[in-house]
Amino acid sequence: MKPTDSAAPASRLRRLVVPALPAAIVMAAGVVLAAGVLHSLGDGEPLFPAGAIGWSLAVLTGVIVGHLVALGRDRWWGGTGSGAALALAVLLLYGWVPAILVSLSVVVLVGAARRQRWRQAVVHGAVDLLGIGAAALGLVVCGVQPSVRRPWSPDAWDLSVLPEVLVMAGSYLLVSRGLLWCSRLPLGGGLPAIARPAVVRQALVGVALVGISPLIAVCAVGAPLLLPLFAVPLIALDSTLWIARARAEEQLRDPLTGLPNRQWLLERTWTALDEAERAGTRAALVLIDLDRFRSVNDTLGHLAGDRLLLQIADRLRHALPRGAEAARLGGDEFAVLLPATDSLTSSQRVARNLVAALSSPLDLDGLTLVLEASAGVAVFPEHALDAEGLLRRADVAMYQAKRDRSGVELYEAKRDGNTPDRLGLLGDLRRALDAGDVELHYQPKVRFDGHVSGLEALVRWVHPDRGRVPPDEFIAIAESSGLMPRLTEYVLETALAQVARWRAMGLEVPVAVNVSPRDVHSPGFAGAVAARLARHRVPPGALQLEITEHVLLEDPQRAADTLAGLTAHGVKMSLDDFGTGYSSLVHLRRLPVSELKIDRSFVARLAVDTEDAEIVRCTLDLAHSLGLLVVAEGVEDDETWERLRDLGCDAVQGWLVAAAMPPDETTAWLRARGEHGWRRASETSALTAEKAAERPSGQVLN
């Protein structure tokens, strides 16, 4: 279902066919009407009955027209039930030409009263005309050919006339409603659920036609002066259909903002995807969620929140690009459908424009508010081939934008923990944790005097079929699936058991373990860590937990309480990935950390980028002023090492020192450097050369 050039001719043909269909309907109806009128006039046949019956029918028609004009009601899917019932009653008695005149009177006069709808009125009148023609042919098949001069007069108006009435009503509904649907729905689109209520209403119309049309005919023959009284049941029929239509539309509309709802969005998306597939183009879905809207409700109340949502919905309507359609999915979540988009980049650009429009200041009862928004974008056919899949993947991208605070994110399969492939990987990871097949490797942190200040435990997983799985991939799966607490529990248990073994060997080196915001927000986390330390008989100072500032973004108070509990037990805290957040300086004051780690993205270009060097220098000054130790991550060369030493950094971590190693290799590495500490290769070579120069001539080292 990928876009292809071969689809373009079909698309051009469709664009030609659909707009031409209403014109063809009008032309066909005009030909049929002209032929019928000329035939009647040629035979000297009156166009409409005279006398009391004719006047009574005219009065009844006028009452119906006046009622519809006064209420200003629109004809949905082709007209009213009252006009059709009256026209078919006339058809039963006097043939299709008088019936057409009644139908056109209702349709055209009501449409003319609303001038802006005259084109629609002409099309509806043509459709009714062809429907009445089909009903007349149905009567002919049944052997009934009434006219003004020779009205149909069955022996008795009882159940014996039911076949003719059923054929007539069925033919009318089939042709008239079928033509309207063909002119409005996309070709090949099938019957969407959004239109199913209309089908139910047409069934009600059919029942009404079968029941009322013969009654009108009987009254016209027996008591024509009573015909205007049928205005009451006919108007009631219209009102019933109108209420049914209004309720159906309410089911597809958000009652607060008036925007379409989720059901409408899904059905409209299905139609847009069908059109995009035939045209060989793309379609996109943008899911938008307001950030921290809950705090507005909690602070100002739900009524204020509703007024704010009305302003947001209004802004969204005005910010929509041409052809786009918006919907409210519930709460503070909105969606925008782009039925045609050029590329993934253009879809992202539209999403950014929408987010920017929603993020400008809002006025609420004199209070100026700024609400930021996050948006996720999914594009057909790259990301999904159906409406539900597109909506789900836009939702995944939106939550990724919320987590990263990036504003807008395009869906990426590798970051989606709910794809079949990743769900399979999740099950394998769960089994690997149960079986103990996930390993911990340890990467050293060293000071500039060579002393090993600690180790960082890094999780590694070798899948039996896929081989080594990148940590970022399976950790992202664990975080998005709820498996993260289980993974953290496994890593803590394994790391503390290893620390206990090293301490038994005389290797007393602290180990750092990364924990996620979800772990910190879990009730009882601090107590669980303390219990594990006691069980393994490891002093709290031998464990360091590495956190990021994101722990304070969701529930700051709970995070602060948990971190305070950990430090009270003697566990040291380290702030990881410093500089990559959005409010690091503010959070640094609130986090009880003793160590700060500068992210590798700043360290990597330290020797060649003056801006990165200045950021590192300022970070070091700030941290030292707060009494914190600073570790630089990602140190890979001597020049970076020397620059960090000159700037006053406390310790480094990276491939220059050592890569992450399995426990046995780490043990050997620690033992080899236990006496003299770690030395760079260049320093070791220089020291060896210096010792060789000091050695007496002829002395041989064993």
Side-chain angles (χ1 to χ4, degrees), residues 46-114 117 120-121 124-125 127-129 131-132 135 146 148 151-152 157 161 165 168-169 172-173 176-177 201-247:
L47 297 179
F48 202 76
I53 293 180
W55 284 106
S56 297
L57 290 173
V59 170
L60 180 56
T61 303
V63 171
I64 292 172
V65 170
H67 167 72
L68 296 175
V69 171
L71 292 182
R73 291 175 174 173
D74 204 0
R75 291 172 56 82
W76 200 47
W77 295 111
T80 64
S82 58
L86 181 56
L88 293 185
V90 174
L91 173 64
L92 277 175
L93 287 176
Y94 303 112
W96 66 282
V97 174
I100 285 174
L101 295 179
V102 171
S103 176
L104 290 180
S105 299
V106 175
V107 176
V108 176
L109 290 176
V110 173
R114 296 186 295 275
R117 304 267 182 160
Q120 187 182 28
H124 286 164
V127 166
D128 274 3
L129 189 150
I132 291 172
V148 175
W152 186 38
W157 289 92
V161 302
V165 174
M168 175 195 67
Y172 171 80
L173 287 174
S176 62
R177 273 45 181 178
R201 282 191 297 283
Q202 296 314 313
L204 293 175
V205 172
V207 172
L209 295 180
V210 171
I212 295 180
S213 297
L215 293 178
I216 296 175
V218 171
C219 184
V221 173
L225 294 179
L226 297 180
L227 278 176
L229 297 180
F230 271 96
V232 175
L234 291 177
I235 289 173
L237 172 62
D238 277 343
S239 298
T240 301
L241 295 177
W242 177 258
I243 293 171
R245 172 192 175 185
R247 288 181 177 175

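These numbers come from the heavy atoms of this one structure, side chains and all, not from hydrogens, waters or symmetry mates. In this text the structure is predicted, and so the values were computed from the model without any measurement.
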Would you tabulate the side-chain donor-acceptor contacts of residues 49-59 under 3.5 Å, counting partners in other chains and residues two or more places apart, or write 'none'?
from, atom 1, to, atom 2, distance (Å)
Ser56, OG, Ala52, O, 2.7
Ser56, OG, Pro224, O, 2.8

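Residues Leu88 and Met168 come closest through the heavy atom pair O-SD, 3.7 Å. Of all heavy-atom pairs spanning Ala99 and Ile132, the tightest one is O-CD1, 3.7 Å.
Between Val148 and Pro98, the closest side-chain pair of non-hydrogen atoms falls below 4.5 Å. In this structure the side chain of Pro151 reaches within 4.5 angstrom of the side chain of Tyr94, judged on heavy atoms.
Each of Val102, Leu91, Ile212, Leu227 was checked for a side-chain contact (heavy atoms from CB on, under 4.5 Å) with Leu86, and the lone residue meeting it is Val102.
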